[in-house]
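What follows is a single structure, written as structure tokens, with notes after it.
Remember, it's a predicted structure, so these values are computed and weren't measured experimentally.
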Amino acid sequence: QVQLRESGGGLVQAGASLRLSCAASGSMFNRCAMGWFRQAPGTERLLVAAINRNGANTYYADSVKGRFTISRDNAKKMVYLQMNSLESEDTAVYYCACDINAILYTVPTTADAYDHWGQGTQVTVSS
């Protein structure tokens with residue numbers, strides 16, 4: 001199967017940038033469509049960005065369009081989330097997730113499509 005580990009979170013000021021990384025292990029990473037979710041205290045886990053298995057297609061939540069970029073390197077089994085112009089509303093725990101049953105060009109946009117999850121990394125943006 002697939003194991004996922006996020007890194008790159010931290011405390012930054014509004015307007016700064018961060019790059020989150022998700023390292024995958026296991027033999028089936030290339031079968032994964034990948035997503036980045038975030039969850040703030042007392043709220044539900046929401047999809048921020050997603051990318052299909054070969055990186056050709058992406059999805060972004062309206063709240064991050066133009067500021068965040070998702071990418072993947074299948075050879076390195078890595079997924080990235082470049083976050084620019086961070087706002088206090090971006091403060092949350094960020095999770096990467098894999099939909100191991102995704103069809104090649106599909107970008108899943110619901111949490112229940114994803115079946116492998118990392119432990120999360122905290123991003124805090126101070127205003």
Side-chain angles (χ1 to χ4, degrees):
Q1 297 292 307
V2 177
Q3 294 79 43
L4 303 171
R5 176 174 291 184
E6 304 92 340
S7 62
L11 171 62
V12 298
Q13 291 189 333
S17 297
L18 276 176
R19 188 176 83 153
L20 304 183
S21 298
C22 175
S25 59
S27 60
M28 303 181 79
F29 176 71
N30 287 2
R31 291 182 53 182
C32 293
M34 297 296 297
W36 282 100
F37 290 77
R38 68 186 181 189
Q39 187 170 24
T43 69
E44 63 180 321
R45 193 172 294 188
L46 296 176
L47 181 64
V48 172
I51 191 165
N52 78 308
R53 287 167 51 184
N54 65 3
N57 298 323
T58 57
Y59 163 88
Y60 296 96
D62 287 344
S63 59
V64 305
K65 279 181 182 176
R67 299 189 298 123
F68 290 12
T69 303
I70 188 171
S71 61
R72 66 189 294 162
D73 185 333
N74 284 351
K76 296 181 178 179
K77 297 183 182 179
M78 296 290 295
V79 180
Y80 306 100
L81 186 67
Q82 178 67 43
M83 306 187 296
N84 299 329
S85 302
L86 283 162
E87 305 168 352
S88 57
E89 292 78 11
D90 297 318
T91 295
V93 177
Y94 284 70
Y95 300 88
C96 67
C98 153
D99 172 3
I100 205 165
N101 297 306
I103 299 170
L104 179 59
Y105 290 105
T106 298
V107 182
T109 58
T110 59
D112 59 7
Y114 293 85
D115 38 36
H116 295 74
W117 294 82
Q119 294 300 306
T121 186
Q122 176 71 47
V123 172
T124 303
V125 184
S126 62
S127 57

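Under the 4.5 Å side-chain criterion, counting only non-hydrogen atoms from C-beta, Arg45 is not in contact with Tyr114. Put simply, the side chain of Asp115 reaches to within 4.5 Å of the side chain of Asp99, judged on heavy atoms. Looking only at side-chain heavy atoms (C-beta outward), Val107 and Thr58 stay at 4.5 Å or farther from each other. A 4.5 Å side-chain heavy-atom check between His116 and Phe29 finds every atom pair outside the cut-off. Put simply, the side chain of Arg38 reaches to within 4.5 Å of the side chain of Asp90, judged on heavy atoms. The shortest distance between side-chain heavy atoms of Ser71 and Gln82 does not fall below 4.5 Å. Between Val93 and Phe37 the shortest side-chain heavy-atom distance does not fall below 4.5 Å.
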After noting the C-alpha distance and the side-chain angles of Trp36 and Phe68, does the key distance pass the ring pair (Phe, Tyr, Trp, His ring centres under 6.0 Å) rule? CA-CA 11 Å; Trp36 282 100; Phe68 290 12; 10.0 Å; no
If you apply the rule side-chain contact (heavy atoms from CB on, under 4.5 Å), what do you find for Ile100 with Gln1, and how did you get there? CA-CA 8 Å; Ile100 205 165; Gln1 297 292 307; 3.8 Å; yes
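Listed for the Gln39 side chain is no donor-acceptor partner under 3.5 Å among the backbone atoms of Ala92. Tyr60 places a side-chain N or O within 3.5 Å of a backbone atom of Ile70 that can act as its donor or acceptor partner. With hydrogens and angles disregarded, a donor-acceptor distance shorter than 3.5 Å links the side chain of Asn52 to the backbone of Gly55.
Here the OH atom belonging to Tyr95 is positioned 13.0 Å from the CG atom belonging to Leu4, to the nearest 0.5 angstrom.
Using a 3.5 Å distance cut-off with no hydrogens or angles, the side chains of Ser17 and Asn84 do pair a donor with an acceptor.
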